[in-house]
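Take a look at the structure set out below.
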Number of protein chains: 2
Amino acid sequence: MRAPLDPDMFDPVCPSDLSPIRVGDKWAGMIIRCLEQGPRRFSELRVPLRGITAKVLTRSLRALERDGLVRRTAHAGRAPRVDYELTPLGRSLLGPMDVACEWARRNWDDLLDAREAGAAPGRARD
Amino acid sequence: MRAPLDPDMFDPVCPSDLSPIRVGDKWAGMIIRCLEQGPRRFSELRVPLRGITAKVLTRSLRALERDGLVRRTAHAGRAPRVDYELTPLGRSLLGPMDVACEWARRNWDDLLDAREAGAAPGRARD
DNA sequence: CAGAATCCAGTCAGATACTG
DNA sequence: CAGTATCTGACTGGATTCTG
């Protein structure tokens with residue numbers, strides 16, 4: 001709630017593409033980060049998740065809800081409004097996620113080097 | 001090396017299906033665990049990874065190699081023999097993986113409950 | 001605003017068969 | 001033994017269009 005989400009909170013260069021550690025589907029980790037400081041509305045989430053379509057966001061949120069990580073609250077009344085927030089279980093994931101991010105930051109260079117080098121020299125890639 | 005891999009080291013009930021935290025593809029996490037105590041041969045890896053086909057194991061290993069997590073060593077000579085072992089980078093993943101496993105163990109019940117409850121009552125599940 | 005419906009292309013795991 | 005080749009069907013992410 002408090003501060004609006006930074007549209008650039010996810011650096012397009014940084015994404016977890018390099019890190020082998022993943023949380024849920026492609027967007028789940030970012031969604032959880034978006035909810036870290038409190039409930040957010042559907043449209044609010046779409047801002048930092050640049051380019052995500054409504055369908056995909058809906059599917060990711062449903063999966064998070066099914067797994068007990070996120071709670072959905074639809075507020076009645078004309079002009080639909082739906083809030084998503086972390087459950088205690090979802091919030092407890094932030095610790096492991098921090099560990100994963102820290103690992104990625106510390107090993108950034110090694111990860112980049114490995115990718116640049118491609119597979120081991122001398123053997124086919126795909 | 002020392003002890004052969006336990007064919008049952010991955011409980012068919014336990015698998016990370018419930019945990020939202022993933023390392024690489026479906027098999028990568030298990031492969032890394034298999035290599036924790038030293039180099040293993042291709043066939044050795046297939047034992048605990050019950051049912052994995054050669055093609056899929058090869059693909060997973062190639063991806064791990066490309067990412068700098070595993071090193072492949074082909075020993076020359078008749079009767080092919082290939083060893084796979086963790087690189088220092090790959091070994092450094094064990095810490096975050098332990099954190100993820102610990103999280104999953106601690107929240108096992110909540111995860112199961114969420115799944116049993118299905119999605120939130122009253123709305124469609126897919 | 002917060003989705004649902006439909007369609008599409010790429011990726012994934014797996015099955016099966018073959019090879020140096 | 002340690003793979004490769006080929007073919008499947010399932011799942012994923014996304015684009016587009018439509019709705020209460």
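To find a chain, count down the sequence lines: A is the first, B the second, and so on, and within it residues start at 1. Being a predicted model, the structure only gives us computed values, none of them experimental.
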Pairwise side-chain contact, [X] with [Y], heavy-atom cut-off 4.5 Å (strictly under):
X	Y	answer
S60(B)	I31(B)	yes
L93(A)	L89(A)	no
Y84(B)	P39(B)	no
L45(A)	L61(A)	yes

Exercise for the section: For the side chain of T53(B), starting at C-beta, report the closest nucleotide among dG3(D), dA2(C), dG14(C). Expected result: dG14(C)

Practice task
Ignoring the backbone of W27(B), work out which of dG14(C), dC1(D), dG3(C) is nearest its side chain.
Solution key: dG14(C)

Please check the phosphate of [N] (OP1 and OP2 only) for any side-chain N or O of [X] closer than 4.0 Å.
X	N	answer
R78(A)	dA2(C)	no
R59(B)	dA13(C)	yes
S43(B)	dA2(D)	yes
R62(B)	dT4(D)	yes
R50(A)	dG14(D)	no

Take atom [atom1] of [X] and atom [atom2] of [N], then tell me their distance rounded to the nearest Å.
X	N	atom1	atom2	result
D25(B)	dA13(C)	CG	C1'	10 Å
D17(A)	dG13(D)	CG	C1'	13 Å
M30(A)	dG13(D)	CE	P	10 Å
L61(B)	dC1(D)	CG	P	16 Å
R81(A)	dA2(C)	CZ	C1'	12 Å
E65(A)	dA2(C)	CD	C1'	14 Å
D83(B)	dA2(D)	CG	C1'	12 Å
H75(B)	dC1(D)	NE2	C1'	13 Å

Problem - Lys/Arg N to Asp/Glu carboxylate O, K26(A) vs D17(A), below 4.0 Å - result: no

Practice task
Determine, for R71(B) against E85(B), whether the closest basic-nitrogen to carboxylate-oxygen distance falls under 4.0 angstrom.
Solution key: yes

Problem - Residue among L64(B), L69(B), L35(B) satisfying side-chain contact (heavy atoms from CB on, under 4.5 Å) with L86(B) - result: L35(B)

Problem - 5' precedence on DNA chain D between R41(B) and G51(A) (nearest-nucleotide basis) - result: R41(B)

Handout entry: Pair D83(B), T73(B): side-chain N/O donor-acceptor within cut-off below 3.5 Å
Key = no

Exercise for the section: Give one of base, sugar-phosphate or nothing for A79(B), where a contact means two heavy atoms less than 4.0 Å apart. Expected result: nothing

Exercise for the section: Have a look at V56(A) and say if it touches a base, only the backbone sugar-phosphate, or nothing, with a 4.0 Å heavy-atom cut-off. Expected result: base

Problem - Difference in axis direction between the ends of the helix from dC1(C)-dG20(D) to dG20(C)-dC1(D), five pairs, 10° - result: 50°

Practice task
Go through the N and O atoms of the side chain of K55(B) and the base of dT6(D), and report whether any donor-acceptor pair is under 3.5 Å.
Solution key: yes

